[in-house]
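No experiment lies behind these values; they were computed from the predicted model shown. Numbered from 1 within each chain, the chains take letters A, B, ... in sequence-line order.
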Protein chains: 4
Amino acid sequence: MRKLPAKLASQLYGAAELIAERGLDGTKIEDIAEATGIPKATIYYHLDGKNAVLEFLLSDLLDMIAGAVGVAVSSDADARTRLEAAVAAQLEVMLEHPYLCRALVGDLGRATRLPDLALALRAAFYEPIEQLLTDGVADGSLREVADPSVVALSVFGAITVAGLSAAVEGPSPDKTADAARFSSAICGLILDGLATADDNMVVADAPPRP
Amino acid sequence: MRKLPAKLASQLYGAAELIAERGLDGTKIEDIAEATGIPKATIYYHLDGKNAVLEFLLSDLLDMIAGAVGVAVSSDADARTRLEAAVAAQLEVMLEHPYLCRALVGDLGRATRLPDLALALRAAFYEPIEQLLTDGVADGSLREVADPSVVALSVFGAITVAGLSAAVEGPSPDKTADAARFSSAICGLILDGLATADDNMVVADAPPRP
Amino acid sequence: MRKLPAKLASQLYGAAELIAERGLDGTKIEDIAEATGIPKATIYYHLDGKNAVLEFLLSDLLDMIAGAVGVAVSSDADARTRLEAAVAAQLEVMLEHPYLCRALVGDLGRATRLPDLALALRAAFYEPIEQLLTDGVADGSLREVADPSVVALSVFGAITVAGLSAAVEGPSPDKTADAARFSSAICGLILDGLATADDNMVVADAPPRP
Amino acid sequence: MRKLPAKLASQLYGAAELIAERGLDGTKIEDIAEATGIPKATIYYHLDGKNAVLEFLLSDLLDMIAGAVGVAVSSDADARTRLEAAVAAQLEVMLEHPYLCRALVGDLGRATRLPDLALALRAAFYEPIEQLLTDGVADGSLREVADPSVVALSVFGAITVAGLSAAVEGPSPDKTADAARFSSAICGLILDGLATADDNMVVADAPPRP
DNA sequence: CATGAATGAGCATTCATTCAT
DNA sequence: CATGAATGAATGCTCATTCAT
């Protein structure tokens with residue numbers, strides 16, 4: 001699996017919609033060849049089979065997300081602010097690449113079976129959040145929770161499922177606005193929760209209220 | 001797709017792990033036949049093809065979830081309490097059936113392409129939450145949000161991804177305890193949020209505070 | 001590789017000429033399917049791939065030869081007489097199945113790479129001769145030689161190459177007569193040699209004549 | 001097919017073992033490239049395809065054999081003596097080049113389908129013997145046989161199969177000694193036969209003795 | 001009803017060969 | 001001259017599905 005020439009790489013994106021629509025197994029290499037204009041044998045010359053096509057496309061998406069989130073996370077604001085930025089960043093990239101996202105969800109099983117992708121997946125989606133949760137406790141901007149890893153997972157789920165859903169809806173005219181709207185809704189949820197404000201907090205492991 | 005004789009139905013569950021592990025496309029009917037002990041042709045006699053196997057398995061899971069959540073939701077407590085119950089109920093069923101859950105995620109793409117399943121998916125996971133959000137606003141137990149459908153999606157994501165993750169981890173010795181722990185963490189997140197208590201609320205679309 | 005139903009087995013012989021003509025690598029499974037009337041997938045249902053087709057055909061030939069030679073060899077005549085009978089028997093079978101013989105030669109390399117065939121090859125062609133050589137020394141009908149295994153090899157070569165050559169020439173109208181003619185010529189060679197009768201014997205390891 | 005630069009020619013021999021082991025069809029040009037160190041495209045620059053590689057290697061072997069046998073045959077000794085010399089010469093070359101020999105046998109089918117090779121094959125192996133048989137009858141050193149061409153074929157078979165077998169056994173430490181041993185055994189066989197000396201001669205077509 | 005046997009349709013992958021540099 | 005890159009053409013094999021019993 002040599003490094004792809006830039007031209008081929010860009011052509012290959014033409015396959016994303018196909019794969020998003022039908023799943024990788026439902027997509028013949030021949031279809032990919034047609035959709036991208038790259039001859040079948042040339043795809044095989046550069047990539048190690050069908051999985052590698054998906055791997056290439058998703059790696060790229062995951063890199064973009066990891067990159068954007070990485071930037072968002074590395075400001076010197078407090079963790080809560082950075083979490084908000086990270087949510088926005090991730091949603092922006094996701095909405096920017098709806099086909100890749102759909103391909104990712106549609107072939108999530110396969111993606112997790114590809115070791116490289118599984119790692120990239122964790123690194124892009126889960127780890128920054130986990131880190132932020134820790135940071136937030138340290139700088140006092142986020143409260144401590146009883147089960148940080150489950151919470152990180154849930155936050156990851158909250159963001160990702162919303163983003164995915166937006167991606168599945170099909171292209172939207174104003175992605176930035178969408179991203180902002182989603183981002184705002186999600187941050188409202190994960191930062192302030194849904195309980196009515198005057199209520200007593202429900203804290204995990206909290207003693208039963210009298 | 002006649003109703004399956006009970007014996008076959010139960011044997012068929014033996015295929016869940018296989019499908020969870022390899023995805024439906026990576027699983028030959030022949031493999032399913034071997035794993036379940038049901039002869040290939042007999043599977044075809046009772047079910048309309050490979051997809052129908054997945055459909056059967058997942059319908060069942062979805063029904064179980066919908067059922068459990070349905071029960072949880074129909075108590076006469078306030079919406080917030082019912083939401084907590086729903087979360088717990090969903091997680092319990094998911095943890096009780098880790099292979100089915102993994103099969104579901106792994107073939108999410110296909111699942112959403114099968115109309116019946118897509119519907120059942122919505123009905124089991126999304127709709128009860130959406131309803132609860134509305135109810136909560138009405139009975140004052142949950143606060144109003146600017147974008148209820150996005151929030152419902154996120155809540156759904158928070159619960160589901162956490163549950164899925166638990167399912168992927170492999171069977172746990174004490175599923176009920178796990179479910180409780182997860183449930184508690186998730187409710188803490190979606191009801192109270194992560195922001196430190198003394199902070200001003202970040203409310204979506206709220207006017208800047210002076 | 002289940003046991004072939006008799007009908008298929010017989011149809012399969014229709015592929016012998018093809019393979020003889022073009023070699024196995026030059027013969028597509030599809031060609032074999034056409035030539036035999038057996039659908040491609042059915043061939044695969046019964047046999048483990050292309051090699052197995054050759055293996056089946058040649059095993060059969062080898063069995064026939066081993067059988068005929070076995071019968072010839074098990075009379076209670078002296079070894080020399082039995083050798084003559086064995087030569088005749090081998091040639092008869094070879095001439096009776098020219099295509100199989102040509103297939104065998106044409107794909108000799110592959111045949112020797114298929115362990116089962118390599119064994120059958122030895123058993124059909126080489127071992128009976130080796131045995132006869134030993135027997136002949138014991139019963140006094142054949143002379144002792146310095147290097148029995150090389151001689152056995154050579155005798156095997158003398159018979160086989162002649163027979164093969166006849167097979168390659170294409171079908172002859174009177175195979176039995178051919179076999180007799182070849183048999184007679186070969187026996188004359190291997191029993192009496194080519195040296196003129198009045199000459200001193202050239203015996204291996206014999207001291208140089210003065 | 002230009003004349004190969006000497007260096008390439010010699011590198012090309014590195015492919016003989018490969019081809020001997022797997023057959024030509026089982027050997028990718030790429031494998032040959034790797035084994036010889038000659039880049040794939042360079043092979044194509046100098047030779048007309050895969051067959052030409054085999055043709056080159058085998059032509060060479062055949063030329064060597066034809067040459068050595070030619071020398072052996074052109075002494076002015078009697079035919080019988082020259083036959084002995086020819087046998088020794090042929091075996092020497094064969095044992096000197098075991099891989100080429102195995103490649104030859106393994107792809108005998110293909111070799112006979114390449115017209116140039118088929119001719120060279122005859123010229124190297126068969127014709128000198130045939131000639132010697134005729135010469136021997138003329139000079140009285142070999143007896144007349146009823147079916148000279150069959151006998152020539154058998155003699156060719158006796159020599160070649162023994163030689164091949166030696167080649168297949170793998171490299172031997174002392175090839176010259178091997179050749180001498182084989183040669184002696186084979187000459188004993190084809191000149192004096194295996195019948196015990198005191199026996200009546202079995203002469204093809206000889207009238208029954210009273 | 002259940003199923004062993006049979007097969008049509010499909011497709012990923014391979015590889016010999018070409019060609020621009 | 002030599003060769004890395006590219007590809008057209010080919011094919012072995014798989015597997016979901018059917019059907020006769």
*Between B:Leu4 (CG) and E:dC1 (P), how many Å, whole number?*
13 Å
*So which nucleotide from E:dA16, F:dG12, E:dT14 ends up closest to the side chain of D:Tyr44?*
E:dA16
*Hey, are C:Glu21 and C:Arg102 close enough for a salt bridge, meaning a charged N less than 4.0 Å from a carboxylate O?*
yes
*Where each residue is assigned the nucleotide of DNA chain E containing its nearest heavy atom, which of C:Pro5 and D:Asn51 is assigned the position nearer the 5′ end?*
C:Pro5
*Find the partner of E:dA9: check Watson-Crick (N1-N3 plus N6-O4 or O6-N4) and G-U wobble (N1-O2, O6-N3) distances, both under 3.5 Å, and reply none if neither fits.*
F:dT14
*Which nucleotide in the list E:dC11, E:dC1, F:dA5 gets nearest to the side chain of B:Tyr45?*
E:dC1
*asked:* Could you tell me how far apart B:Glu30 (CD) and E:dG4 (C1') are, to the nearest whole angstrom?
replied: 11 Å
_So for C:Lys40 and E:dT7, does any side-chain atom that can act as donor or acceptor lie under 3.5 Å from a complementary atom in the base?_
no
*C:Asp25 CG - F:dA10 P separation (whole Å)*: 17 Å
_Separation of E:dT17 C1' from D:Lys28 NZ (nearest whole Å)_ = 15 Å
*Rounded to the nearest angstrom, tell me the gap between atom CG in A:Leu54 and atom C1' in E:dA12.*
16 Å
*Hey, does C:Lys50 reach any base, or is it just sugar-phosphate, or nothing, if we go heavy atoms under 4.0 Å?*
sugar-phosphate
*asked:* Without decimals, in angstroms, what is the distance between D:Ile38 CD1 and F:dC1 C1'?
replied: 15 Å
*Quick one: do B:Leu54 and B:Leu104 satisfy side-chain contact (heavy atoms from CB on, under 4.5 Å)? Show the steps, please.*
CA-CA 9 Å; B:Leu54 188 72; B:Leu104 172 60; over 6 Å; no
*For the pair A:Asp31 and A:Arg22, find out whether any cationic side-chain nitrogen is under 4.0 Å from an anionic carboxylate oxygen.*
yes
*Does A:Thr42 make a side-chain N or O approach to OP1 or OP2 of F:dA6 shorter than 4.0 Å?*
no
*asked:* I need the CD1-P distance between D:Ile29 and E:dT14, as an integer number of Å.
replied: 17 Å
*asked:* Please check this pair: side chain of C:Lys50 against backbone of C:Ile29, looking for a donor-acceptor N/O pair closer than 3.5 Å.
replied: no
*Examine E:dA2: is either OP1 or OP2 under 4.0 Å from a nitrogen or oxygen in the side chain of B:His46? Give yes or no.*
yes
*In Watson-Crick or G-U wobble terms, both distances under 3.5 Å, what is the partner of E:dG4?*
F:dC19
*Could A:Asp25 and B:Arg110 be called an ion pair, given the rule that one side-chain N must be under 4.0 Å from one carboxylate O?*
no
*Rounded to whole angstrom units, what separation is found between the CG atom of C:Leu47 and the C1' atom of E:dA5?*
15 Å
